[in-house]
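Letters A, B, ... mirror the listed sequences (proteins, then strands); counts begin at 1. Reckoned from all heavy atoms, side chains included, excluding hydrogens, waters and symmetry mates.
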2 protein chains.
Amino acid sequence: MAAPEALSLRHVGRGDLARKRGELRDHIRAAAIVEFAEHGLRGASTQGIADRAGISKTKLHYYIDSKEELYAEALTHITGIWADLFEGIALDKGPEAFLSDYIARKVRFSLTHPAEVRMFTGEVMRGAPMLHAVWAGSREATLRASRLIGAWADQGLIRRVDPLLLQFHIWAMTEAYAVMASEARFMSGLGPDDPLDEAHIVAEITALVLNGLRVQ
Amino acid sequence: MAAPEALSLRHVGRGDLARKRGELRDHIRAAAIVEFAEHGLRGASTQGIADRAGISKTKLHYYIDSKEELYAEALTHITGIWADLFEGIALDKGPEAFLSDYIARKVRFSLTHPAEVRMFTGEVMRGAPMLHAVWAGSREATLRASRLIGAWADQGLIRRVDPLLLQFHIWAMTEAYAVMASEARFMSGLGPDDPLDEAHIVAEITALVLNGLRVQ
DNA sequence: ATTCTGTCAAACCATTTGGTCTGACATCCG
DNA sequence: CGGATGTCAGACCAAATGGTTTGACAGAAT
């Protein structure tokens with residue numbers, strides 16, 4: 001197999017050791033997420049992670065204890081970013097404003113952080129053995145959103161739907177642009193590195209959902 | 001790691017060797033698909049495949065040449081089933097009939113063959129290096145469907161949409177019930193082995209799409 | 001200067017991996 | 001019967017894996 005392209009590691013002036021160390025850990029995690037996204041926990045190799053990070057395997061193990069620990073840390077890092085993404089989203093401006101904002105944020109994250117979404121999806125695909133703890137918290141947010149959607153239906157603002165399945169469907173459509181990005185590019189006639197049209201994607205999903213709910 | 005449960009291998013009377021041989025290959029492929037779905041090509045082990053098939057590693061290698069060959073054969077097998085699934089679907093009965101049928105078939109396949117869908121999705125996630133040849137044919141069908149959807153819009157039967165993205169979104173929603181089945185069960189409060197409600201899922205996706213397109 | 005701490009490469013190690021070799025046994029064909 | 005062919009388990013092997021040990025070097029503190 002060809003050596004993977006090393007991520008660029010911006011040069012850090014010596015003297016600021018704590019910061020340098022933290023940045024290197026971030027850099028390693030970013031490299032690891034790409035490797036885990038492509039090969040899963042079992043298929044990922046520490047050598048592959050080191051190569052992607054542009055460091056030796058020894059240096060990698062100077063910063064981490066084990067592959068499993070790095071995997072778990074990357075997963076919680078991702079779920080943390082994910083939760084942060086929806087801080088401060090407006091819950092009280094009605095279905096159209098909320099759904100438009102929600103969909104736009106999800107699509108943007110999928111396009112800017114495809115490796116993160118893929119690694120997460122891979123973990124879910126193999127039964128999510130390490131995620132049930134994380135999900136316990138996320139389930140709360142999901143149920144809260146379900147009640148909100150149910151209330152909209154009560155008020156006649158939208159057609160009555162299964163709120164949980166609606167969320168599944170929005171997740172599926174928005175995350176698809178990370179998961180099956182290669183398929184989307186191929187079918188669209190784009191090259192492997194051409195950018196997907198974020199505004200167009202957001203507009204199409206939003207229109208499908210708003211019309212699908214018969215938002216008033 | 002605990003030994004994976006071996007798939008049941010129905011006893012085959014001796015004497016019918018050709019049939020027995022073919023059935024054993026099918027049995028091995030089924031076991032391999034489960035292993036590949038869970039661990040990807042690199043993470044899958046031939047020992048794991050042999051264990052799942054309930055045979056020795058030697059016996060496995062008596063029937064296959066290499067892990068890669070088995071992987072490729074499983075992929076083409078899956079795409080073959082997938083193509084067969086849509087033989088004879090009615091193209092001329094208008095959007096509602098077509099979309100309802102299409103969604104129902106996709107959901108059913110995801111629920112009855114989750115490992116197949118997951119293995120395929122895994123391959124797509126890692127850039128689908130082995131699928132571009134397969135996709136060349138499938139792209140034709142996709143473009144044909146796009147023209148059909150465009151014609152519906154021309155006739156005023158549906159709202160105007162990007163036909164390609166509409167297909168992506170239907171794929172994403174329907175395949176999600178294989179890909180993120182564990183997440184769906186968790187969020188729904190179901191146990192890991194409880195069945196998902198196929199009719200309900202089909203109804204919700206179909207309603208979202210038909211309303212989303214403002215089908216007349 | 002010396003000692004201590006953080007950083008890192010080369011060599012190394014035990015285990016697991018994909019895959020083969022040898023040889024046994026069974027069945028079919030003459 | 002006897003050989004040819006198909007089927008399969010156990011021992012085996014080279015390579016790759018995750019991870020450790022050794023020791024070197026740099027800079028800061030004493």
First encountered from the 5' end of DNA chain D, between B:K57 and A:E68: B:K57
Nearest-angstrom distance from the residue atom CZ of B:R42 to P of C:dT16: 19 Å
Centroid-centroid distance, A:Y63 to A:H27, less than 6.0 Å: no
Worked check of side-chain contact (heavy atoms from CB on, under 4.5 Å) between B:H132 and A:S182: CA-CA 10 Å; B:H132 282 80; A:S182 70; 5.5 Å; no
Value in whole Å for how far the C1' atom of D:dG19 lies from CG of A:L60: 10 Å
Side-chain ion pair, A:R29 and A:E116, N-O less than 4.0 Å: no
Distance, rounded to the nearest Å, where A:I64 contributes CD1 and C:dT7 contributes P: 15 Å
Touch class at under 4.0 angstrom, heavy-atom based, for A:T58 against every strand present: base
Derivation of the side-chain hydrogen bond (donor to acceptor under 3.5 Å, both in side chains) call for B:E123 and B:Y71: CA-CA 10 Å; B:E123 172 69 11; B:Y71 185 85; 2.6 Å; yes
Closest-nucleotide ordering on DNA chain D, the 5'-leading residue of A:D65 and B:S56: B:S56
Rounded distance in Å - CG (A:L24) to C1' (C:dC8): 11 Å
Length of the NE2-C1' vector between A:H61 and C:dT7, whole Å: 16 Å
For atom CG of A:D51 and atom C1' of D:dT17, their distance in whole Å: 14 Å
Carboxylate-amine/guanidinium proximity below 4.0 Å for B:K67 and B:E73: no
Minimum-distance nucleotide to B:Y63 side chain [options: D:dA9, C:dC8, D:dT7]: D:dT7
Distance test, side-chain N/O of B:T46 to OP1/OP2 of C:dG18, below 4.0 Å: yes
Euclidean distance, atom NZ of residue B:K59 to atom C1' of C:dC25 [Å, nearest integer]: 14 Å
Whole-Å distance separating the CD atom of B:Q47 from the C1' atom of D:dG10: 12 Å
Sugar-phosphate only, base, or nothing, as touched by B:A50 at under 4.0 Å among non-hydrogen atoms: nothing
B:Y62 vs C:dT20: side-chain N/O to OP1/OP2 distance below 4.0 Å: no
